[in-house]
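Encoded as structure tokens, the structure appears first; notes follow it.
Position 1 is the first residue of the sequence, and the numbers go up from there.
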Amino acid sequence: MMALDGPADRRDEAQAAMGNGNGVAPPPLRPAGRPSGPAAHADRRLRLNPNMEHKPQDYSDVRGEYAPAVYSALERHLPPSLLDSNREIKLQLMRDVLGHYWPHGERNKVQRHREYRQRILNHYKPLHKDLYNMRPSSFFLPTFLEAIRTNTEESFRSIMTEPVPGVYSFAMLQPAFCEMLLQEVENFEKWVHTMKFKIMRPNTMNKYGAVLDDFGLEFMLNQFMEQFIAPMSTVFYPEVGGGTLDTHHAFVVEYGKDRDVELGFHVDDSEVTLNVCLGKQFSGGELYFRGIRCENHVNSETQHEEMYDYSHVPGRAVLHRGRHRHGARPTSSGLRINLLLWCRSSVFREMKKYQKDFSGWCGECKREKKERQIHAVKATKLAFLRGAGGATI
């Protein structure tokens, strides 16, 4: 999550960013039978542009700091001479590359988080075990399940409203599921307090709430993303990786008295965001949307037609691009708790490094492109008129 400068709020904290790098790979361990010296590493440079015709190998069994999809995406950037090599050779090279560009401090941070999560899983006893396995008929409303089963744009739109382009709202969760999840989160927070265990908060902007993946819900929520969010994202957000979602970050946020009150103007660290109100009784807390922007235009002005305010309803979801700028107005009374699922695509993030034109989804890029086209047409007409005026018969 990254807070933004601008008329709505000032930048609070910058989002930490870490790239994989696209320069020269460090010399990997030399496989048997290959020459040593310069010749051994002459073909070790990563391709700047990915080979989209190459089908990467399956890395789903690989465990470590990176999701398997990261290796699949990076394999397309290997030099041609290595694409048909043994998987272990390719994997070793990619690990060397990723390790070279990943600061030691970041690796330590990931290791500490892994240990933190394991400690919780070893000791925390779930209150509702039914939450930890996907049970569609118990979790979702029949109308939503039928739309997903049909799996067409028409079926999705039949249960949705689209108040502004790219923001979709629809009834999604069963009241019983919302209540169970609220009770589970409350039980976890009580356990954390009893154990005098410091809880890791969802992001840099929320001081309250919990990461659901940390206490055992990761597997269920991954199915949640793959089976019920990805079909819609493939249809509505293909230009930002909606068809290649492979990882997620799931958490709840809490707003009200003695909780967070509001949330500043920001973008999410996601390609696609699902936001569902779980309850409880509250007033205020509306989401305000202010247009989709790439990194270059994240603090640009908002156009009037991009402004939209959404009022939360328990069980009802909002689906939008992570780069859709938004914030939350103060929750004036009661307690509001929301489930957030940040869906990410490692393939899109890799490909985005080589793109320069984001007019397919960035509102400001689209506006600038349209202005350039208008100026080009005017210039062409002017040149034609000048030429016609100077012509002789």
Side-chain angles (χ1 to χ4, degrees), residues 1-3 12-21 59-71 73-74 94-126 131-132 181 184-226 245-254 260 263 266-274 322 338-346 349-350:
M1 181 178 293
M2 181 172 70
D12 294 317
E13 296 186 44
Q15 177 186 12
M18 187 279 293
N20 291 341
Y59 296 96
S60 59
D61 61 323
V62 177
R63 297 291 177 265
E65 292 86 355
Y66 295 93
V70 173
Y71 295 108
L74 188 57
M94 290 188 289
R95 280 174 168 162
D96 288 343
V97 171
L98 293 169
H100 179 75
Y101 289 103
W102 196 14
H104 184 68
E106 289 294 326
R107 291 199 293 272
N108 287 342
K109 183 178 178 181
V110 169
Q111 181 60 31
R112 288 196 301 271
H113 186 254
R114 185 182 292 116
E115 293 170 355
Y116 161 85
R117 181 177 290 187
Q118 193 58 51
R119 181 180 172 189
I120 292 174
L121 296 177
N122 288 342
H123 298 285
Y124 176 68
K125 291 182 172 50
L131 280 176
Y132 292 76
L181 187 54
E184 191 69 41
V185 171
E186 185 177 354
N187 185 65
F188 173 67
E189 290 178 335
K190 285 181 179 178
W191 177 82
V192 167
H193 180 73
T194 301
M195 297 291 289
K196 295 181 170 53
F197 196 54
K198 184 178 180 181
I199 187 172
M200 287 190 180
R201 297 303 179 184
N203 52 66
T204 59
M205 296 180 71
N206 286 99
K207 297 179 181 178
Y208 295 88
V211 178
L212 300 178
D213 300 321
D214 285 346
F215 58 94
L217 288 166
E218 181 178 21
F219 178 74
M220 184 276 284
L221 289 165
N222 201 54
Q223 291 181 305
F224 193 120
M225 178 188 73
E226 291 179 347
L245 302 178
D246 50 31
T247 59
H248 75 269
H249 175 53
F251 54 95
V252 293
V253 289
E254 304 173 8
D260 290 316
L263 190 64
H266 68 281
V267 293
D268 295 338
D269 183 13
S270 69
E271 273 60 74
V272 177
T273 292
L274 177 79
N338 282 48
L339 163 66
L340 276 297
L341 191 63
W342 284 358
C343 305
R344 297 162 173 164
S345 166
S346 57
R349 294 186 176 207
E350 184 66 30

Report task. Please report the shortest heavy-atom distance between Pro202 and Ala210, naming the atom on each side. Result -> CG-N, 3.8 Å
Query raised in the report: For Asp214 and His113, what are the C-alpha separation, side-chain angles and deciding distance, and is it a side chain to side chain contact (heavy atoms under 4.5 Å, CB included)?
Result: CA-CA 9 Å; Asp214 285 346; His113 186 254; 3.2 Å; yes
**Report entry** Within-4.5 Å side-chain heavy-atom neighbours: Leu245 and Arg344
**Finding:** no
Query raised in the report: Are a donor atom and an acceptor atom from the side chains of Glu218 and Asn222 found within less than 3.5 Å of each other?
Result: no
Report task. Mind running side chain to side chain contact (heavy atoms under 4.5 Å, CB included) on Asp213 and His248 for me, showing each step along the way? Result -> CA-CA 9 Å; Asp213 300 321; His248 75 269; 2.8 Å; yes
Requested in this report: Starting from the C-alpha separation in whole Å, work towards a yes-or-no answer on side chain to side chain contact (heavy atoms under 4.5 Å, CB included) for Asn187 and Tyr124.
Outcome: CA-CA 10 Å; Asn187 185 65; Tyr124 176 68; 2.8 Å; yes
Report summary line: Between Ser270 and Cys343, the two heavy atoms sitting closest are CB-O, 3.7 Å
Report task. Return the minimal non-hydrogen interatomic distance between Val252 and Leu339, and the atom names on each side. Result -> CG1-CA, 4.3 Å
Query raised in the report: Is the backbone N or O of Met200 less than 3.5 Å from a side-chain atom of Tyr116, with the two atoms forming a donor-acceptor pair by type?
Result: yes
Report task. Before accepting this row, confirm whether a basic side-chain N of the pair Arg349/Asp269 lies closer than 4.0 Å to the acidic partner's carboxylate O. Result -> yes
Report summary line: Residue pairs meeting side chain to side chain donor-acceptor pair (under 3.5 Å), one or both in residues 189-199, sequence neighbours left out, come to none
Query raised in the report: What are the two closest heavy atoms between Tyr132 and Phe215, and how far apart are they?
Result: CE2-O, 3.4 Å
Report summary line: Heavy-atom nearest pair, Arg201 first then Lys207, reads NE-O, 3.1 Å
Query raised in the report: Going by heavy atoms in the side chains, are Trp342 and Asn203 under 4.5 Å from each other?
Result: yes
Query raised in the report: Heavy atoms, side chains only, cut-off 4.5 Å: are Met225 and Leu341 in contact?
Result: yes
Query - Under 3.5 Å: donor-acceptor pair, side chain of Glu271, backbone of Ser345 - result: yes
Query - Leu340 versus Val253, closest heavy-atom pair with distance - result: CD2-CG2, 3.7 Å
Report task. State which residues pass side-chain contact (heavy atoms from CB on, under 4.5 Å) with Val192; sequence neighbours excluded, sorted by chain then number. Result -> Phe188, Phe197, Ile199
**Report entry** His249 side chain to Val211 backbone, donor-acceptor under 3.5 Å
**Finding:** no
Query raised in the report: Taking C-beta and beyond as the side chain, do Val185 and Leu212 meet within less than 4.5 Å on heavy atoms?
Result: yes
